[in-house]
Protein chains: 2
Amino acid sequence: MATLQLATWATNLTYTDLTAPVIEAAVNSVYNWAGCAIGGYSQDAPHIAYATTQPFFGGPPTSSILGANGSISEAYVDAQLAALLNGIASHIDDYDDTHLETIIHPAGPVASALLAVAEWRGPVTGHEFLTAFVAGVEAECKLGLSVSPEHYDVGWHITSTVGSIGASVAVGKLIGLGTTQMQNAIGVAATQVVGMQEFFGSMTKSFHVGRAAQGGMLGALLAKNNYTSSLQSLEAKYGWLHVVSTRENATAYFDQLGEIWEIEKNTFKPFPCGIVLHPIIDAATQLHNETIQQGKDISSVKSINLQVNSEVLVLTGKTNPTTGLEGKFSVYHAAAVGLLYGEATPTYFTDEAVTNATVVEFREKVNITTDDERFGKDQATVTIEFDDGSTLERHIEHAIGSLENPLTDADLKKKFLDQVSRRIGEARAERAYAAFKGIGNMTDVGQLRALY
Amino acid sequence: MATLQLATWATNLTYTDLTAPVIEAAVNSVYNWAGCAIGGYSQDAPHIAYATTQPFFGGPPTSSILGANGSISEAYVDAQLAALLNGIASHIDDYDDTHLETIIHPAGPVASALLAVAEWRGPVTGHEFLTAFVAGVEAECKLGLSVSPEHYDVGWHITSTVGSIGASVAVGKLIGLGTTQMQNAIGVAATQVVGMQEFFGSMTKSFHVGRAAQGGMLGALLAKNNYTSSLQSLEAKYGWLHVVSTRENATAYFDQLGEIWEIEKNTFKPFPCGIVLHPIIDAATQLHNETIQQGKDISSVKSINLQVNSEVLVLTGKTNPTTGLEGKFSVYHAAAVGLLYGEATPTYFTDEAVTNATVVEFREKVNITTDDERFGKDQATVTIEFDDGSTLERHIEHAIGSLENPLTDADLKKKFLDQVSRRIGEARAERAYAAFKGIGNMTDVGQLRALY
């Protein structure tokens, strides 16, 4: 029933069903994803993945690598490789989007698969693209809600485990699957469960997103060709919901499809690191500014005391990160750079930054107290003590970037231009912004990559 | 610790460590896999997979599709596609091999990845190939033992969930990964958990095997290129063992690596269907012969009564299969064809066979009683009653094909020639048999495909 319900909703969805806030949220989600995919292509992970898979993926170059430099023709590979590489690149900086109730980063798996197929099978209009994108995001988030929090708590990386299913729904929608085919597509995607939390802090974390994009795309394409699967892959006794979760209530959430839009709850990360670090960085950067304003010297900070939710240590407890990727999962590193520099852009999560002597010294000043009664996952109190015994304290009720305290349009644009221009220069970054921000009005989204 | 232990054992393994029975078991496992992969290429599933992925996998044609007809040059694709297709084809008939303690079909994921890479990166000698193959099989079976039976009981298709890890170890061994790289390879493979039992009876069941082969290969190749992962992916709190199992004792089983060889326990299926059906078919075919010997008419059978382990109904309870693939998971169908025809070759598991009116009529005569105290999974009692009230009964203590009652060398050869000649003709089948049976002595296994 649940599988049929989802498949039916997705195949019937039309652009006119999308409300204005849904469309706006979708466009922001897509362009923020594009910024991450372009900026993230500076990292090693997507390049290793390219070099590794290049001997296989020599198909016609139909689909673009968003962050590739060089000539425009060099930016194109086949659709499966494009999905893998854009998926990796869009997640490698941990700077993407977040559906906070589930901690899903929704755009990566869905958009990476969808754009690759849209470029390959096009022309696809902006309306068609956004409709399919929303279908995929709603599918993955509703499914995520129905297994949260248990599914995440046992160690699955929910972004990719539901992401393959979201990608299959989005691609299935785009290529016009019927309901039964859509059920089969969901089945092939559901049986590929990629991603565990053990890989946080390594390149494999972002591999999850790329592989989910590939797996979901493959599910939709196989179903289109009448590859048989299961029509009840989600709810069956030995299907997805029961195998990967001890709790499931999918029908209850699927009943809300098209009524409560999860895409409207998508938020955007102000800092390129694990989401539970955001309230701490928010407080630390504010304390940096206050210290300066009071004419004090940051180097005179004696101790940094954090009061946080216990999940912070579970997910980001790395005391001695040695790579930038590990730094993204170190609460010690995050607090140190926030306080030292008053900001936490990608620059502060590089291999150099985490081994910087001053940063290492400051990490050792960090002490942590957990209190789940007082502190939710987006809350924190940071207290710093100076050599002279004086203290400063900041409590964050809702971290910047949360639903209650979201990035403004200007913030989001600034983030995009910053991350993208570091990769492809300012002029191209401005053009990329205009291109992705205007995606809804395009007659062929396959032209996107050529616009910047 | 467990990950390091496995990686260390695998990287240190040499051909001289393999005992004569291990080598014999390995060769039999490989050639039985090849027979399945050639014979299975008659099915739709690998052809749909080929057509679907062909737009992507246009890389240099380095690796062979074992069951491809046509010119020899048409048999070659890139290594990732070859792994997918040979994996699907080798499992689509449910006619492959079985490690009975875990119900893993070991060769499919490992050999499909390994041969594809050996052909691509060669020359690889027969000794190197078999050493890597054994490393992969031991890895997946020891890991399977350490999570059995709970992991299977919740619904995972263990062949593919451990298969990706086996494939990564085998390919990693072949391409000479160091221990740390091997740990990283295991990590990338482990985080891709493919396969649930809901897909039994559909093409997606064999997709699991092909995808596991691809995923494991990709893990080894990424690790070779220094893609970072986790060095403790198996045993970490949010790693493989804890996420996909409620029980794990990997170190205890890894301690036996190289002492107790799981490959020696690999068995070969006499019938192309779910393994729990084998004692029933064994009994039914014997009763067919006895009925004929007594001069009775099979059509005068009034009822067919089965006493079996309850797992038979869990895994193979489909009452009204409508496709050949579903028939492989219908105890009713299996009992009916065994009794009607006195054999159960692939011919009796086609779409035509399961919709044959006589077969359908006989399926309706089947009654089932379960009794887990009296019947293990390889045991069954079948009683048939005739119109005249007389009965015949057969009890199977150990089904043909089990460890206690294995196929003989002659049986295994007969099976290979039967399944392969139906696909590529008798003359080529004989050449293929000689080629794969002689794999251990080859100086370049990349020449295998050209030998038949």
Side-chain angles (χ1 to χ4, degrees), chain A residues 44-45 48-49 51-60 62 78-81 120 154-157 160 184 187-188 190-204 207-208 211 215 218 221-222 224-230 232-233 236-240 242-244 314 323 325, chain B residues 44-45 48-49 51-60 62 78-81 120 154-157 160 184 187-188 190-204 207-208 211 215 218 221-222 224-230 232-233 236-240 242-244 314 323 325:
Chain A
D44 289 340
I48 295 176
T52 302
T53 55
Q54 199 273 333
F56 313 127
F57 296 92
T62 61
D78 68 80
Q80 277 266 301
L81 182 53
W120 166 42
V154 299
W156 290 111
H157 184 195
S160 42
N184 277 313
V188 179
T191 204
Q192 302 174 69
V193 190
V194 172
M196 295 172 188
Q197 291 162 23
E198 168 57 17
F199 303 93
F200 287 12
S202 81
M203 295 178 186
T204 299
F207 172 80
H208 297 163
R211 194 63 167 166
L218 192 51
L221 297 173
L222 283 169
K224 178 84 173 175
N225 285 342
N226 299 315
Y227 202 88
T228 62
S229 175
S230 161
Q232 54 279 327
S233 61
K237 184 175 178 192
Y238 296 127
W240 196 87
H242 293 112
V243 171
V244 303
V314 171
T323 65
L325 294 185
Chain B
D44 289 340
I48 294 176
T52 302
T53 54
Q54 198 273 334
F56 314 125
F57 297 93
T62 60
D78 69 80
Q80 277 266 302
L81 182 54
W120 166 41
V154 298
W156 291 110
H157 185 195
S160 41
N184 277 313
V188 179
T191 203
Q192 303 174 67
V193 190
V194 172
M196 297 173 188
Q197 291 163 24
E198 168 58 17
F199 303 93
F200 286 13
S202 81
M203 294 178 184
T204 299
F207 173 80
H208 297 163
R211 194 64 168 168
L218 192 52
L221 297 173
L222 283 169
K224 179 85 175 175
N225 285 341
N226 299 315
Y227 202 87
T228 61
S229 175
S230 159
Q232 54 280 329
S233 60
K237 182 174 178 193
Y238 295 127
W240 195 88
H242 293 113
V243 172
V244 302
V314 171
T323 66
L325 294 184

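Chain identifiers are assigned alphabetically (A, B, ...) following the order of the sequence lines, protein sequences preceding nucleic acid strands; residue numbering begins at 1 within each chain.
The closest donor-acceptor contact from the side chain of B:Thr228 to the backbone of A:Thr204 lies at 3.5 Å or more, if one exists at all.
Per-residue counts of heavy-atom pairs under 4.5 Å with chain B were compared for A:Leu325, A:Thr323, A:Val154, A:Val244; the largest is that of A:Val154. Ranked by heavy-atom pairs under 4.5 Å with chain A, the first of B:Val194, B:Thr62, B:Val193, B:Val188 is B:Val193. Taking chain A as the reference chain and counting heavy-atom pairs below 4.5 Å, the highest number among B:Ser230, B:Ser229, B:Ala236 is found for B:Ser229.
Among the candidates B:His157, B:Met196, B:Glu198, the single residue satisfying the side-chain contact (heavy atoms from CB on, under 4.5 Å) test with A:Val243 is B:Met196.
Atom NZ of residue B:Lys224 and atom CD1 of residue A:Ile48 lie 14.0 Å apart, to the nearest 0.5 angstrom. In this structure, A:Leu222 CG and B:Met203 CE are separated by 10.0 Å, a value rounded to the nearest 0.5 Å.
A:Phe199 and B:Gly187 get closest at one heavy-atom pair: CZ-O, 3.2 Å.
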